[in-house]
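Take a look at the structure below.
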Amino acid sequence: MPGSTPELTRNAVDVLPEGRLAEQLQGERPLRVKLGIDPTTADIHLGHTVVLGKLAEFQAAGHTVVLIVGDFTARVGDPSGRSASRPVPTPEEIEANATTYQEQAFKLLDPARTEVRRNGEWLDMRLDELLRLMGTTTVARLLERDDFQKRMAANAPIAAHELLYPLLQGYDSVAVEADVELGGTDQKFNLLFGRDVQSAYGRPQQSIMTLPILVGTDGVRKMSKSLGNYVGVTDPPAEMFGKLMSIPDEAMDEYFRLLLGEDGRPPGPPNQAKRELGRRLVERFHGAGAGAAAEAAFDRVFVERSVPDDIPAVDLGGYLGDGDGAVHLPRLLAGAFGISSSEARRLLAGGGVKLDGEPLAADPLDLPAAALAGRVLQVGKRRFARLHAAG
RNA sequence: GGGGGAGUGCCCGAGUGGUUAAAGGGGACUGGCUGUAAACCAGUUGGCUCUGCCUACAGAGGUUCGAAUCCUCUCUCCCCCA
């Protein structure tokens, strides 16, 4: 099969066992390359796309991608990198997420060369089958992983079912006859464990490849929805561009390398490089032309300090006081921006609220609707609302 | 099953009867500077019909003029023994 080892292993951290992938690539048969994603949150973010991008490379080389949507494993919760058991999403949430995941994954993957499977197909097994699966390993093996060692050292709980996670993920590999499995570096234990499960079931063992974990927009912690430092692949262009502009300079090299396949960030002023990063990633997810448009919109707001094109409209009608035609600002701000009215008061007092670009005093908390209608209310640098007269 | 320890605001963590909406740190937000970077400076960080009121220190009840702090029961977690 085509696809040279050096190309396909670019950016990889571990490719194990040594030399195995190269052998597999010598074969005649397209490889079955597996990735499992648990639909525990609604969005795929750029961090996931590091691995998805690698899968796309395998596809381009003629191999088959097996994307496993972990509708069943989502109920267990992957302990990887976790210092606590995670909250379990409801079946409805899992189902909703599972659907959008496929859509989002196809922003990078070729649907024609992707086999999408849900692991509920085979993991919802009889107890005797589960016992057989559990019998393939030992408690010591399951506990030897780092995250558990840390939890034990910290006296943090480990739920019994969490122990099963690697077995279940490994069984996925048996079920789909995976030749290769990809994952983040935090998946190394699970991926290697899959090999043991495969061999216990008399199947050929997969090789594994781990890829670096992308740092979030804060430049410190890994990108994750729950940490709020993520860029979602479905984020609107302006938001995506803006988030990318806010990453620390130090993170740029990594973004260029892992997301764009470059050797690092281009030379020149950091600001220019970051703009290029933003443009190119927006193009990738929103199509040609979207990048330049997002950049232009960004400049209007942050360089020219003017108001973005499409901002939400707020009808003053719902905020009028008792008959006197006055609008209570805290309530208006609360309704328009989804903050509490107490927070709105604080922002007013701190000079964080503007009307048509002019700071709004906290002194009169009630303003006549006539003084607000048609004007633009702004909180901080990036939250806007256009006010409309009642009616 | 027996014994011991612990549960505080977004997170960590101080506080063991009274000026405690609760020290300190982190994070976040706002303002300044700027490249929506970093660093730095300043402010804010429970809610509301906001010179006041309400809710809050796992939950419920109780003692007290007054409780996060004392008592009882419940729930959850950790450790040791079995």
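So that the names make sense, note that chain A is the first sequence line, chain B the second, and so on, each numbered from 1. Since we're looking at a predicted model, the values are computed, not measured. What you see below is based on every heavy atom in this structure, not just the backbone, and it leaves out hydrogens, waters and symmetry mates.
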N-O pairing of [X] and [Y] below 4.0 Å:
| X | Y | answer |
| --- | --- | --- |
| Arg132(A) | Glu129(A) | no |
| Arg257(A) | Asp263(A) | no |
| Arg265(A) | Asp249(A) | no |
| Arg279(A) | Glu295(A) | yes |

[options]: which one has an atom nearest the side-chain heavy atoms of [X]?
| X | options | value |
| --- | --- | --- |
| Lys274(A) | G35(B), G47(B), A38(B) | G35(B) |
| Lys381(A) | G31(B), A38(B), U30(B) | G31(B) |
| Pro248(A) | G35(B), U36(B), A38(B) | A38(B) |
| Arg346(A) | C29(B), U44(B), U49(B) | U44(B) |

Reckon [X] has a side-chain N or O less than 4.0 Å from the OP1 or OP2 of [N]?
| X | N | answer |
| --- | --- | --- |
| Ser342(A) | G46(B) | no |
| Arg221(A) | G26(B) | no |
| Arg331(A) | U49(B) | yes |
| Arg345(A) | U44(B) | no |
| Ser341(A) | C48(B) | yes |
| Ser340(A) | C48(B) | yes |

Whole angstrom is fine here: how far is it from CD1 in Ile339(A) over to C1' in A28(B)?
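The distance from CD1 of Ile339(A) to C1' of A28(B) comes to 14 Å, rounded to the nearest Å.
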
Distance col, row Phe285(A):CZ vs Arg280(A):CZ, nearest 0.5 angstrom, shows 12.5 Å

Could you pick out which residue, Ala238(A) or Asp218(A), lies toward the 5' side of RNA chain B when each is mapped onto its nearest nucleotide?
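Checking each residue's closest nucleotide, the 5'-ward one belongs to Asp218(A).
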
Of Glu250(A) and Gly351(A), the one whose closest RNA chain B nucleotide lies more 5':
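The answer here is Gly351(A).
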
Measure distances between side-chain N and O atoms of Asp249(A) and base N and O atoms of G35(B), and say whether any donor-acceptor pair falls under 3.5 Å.
yes

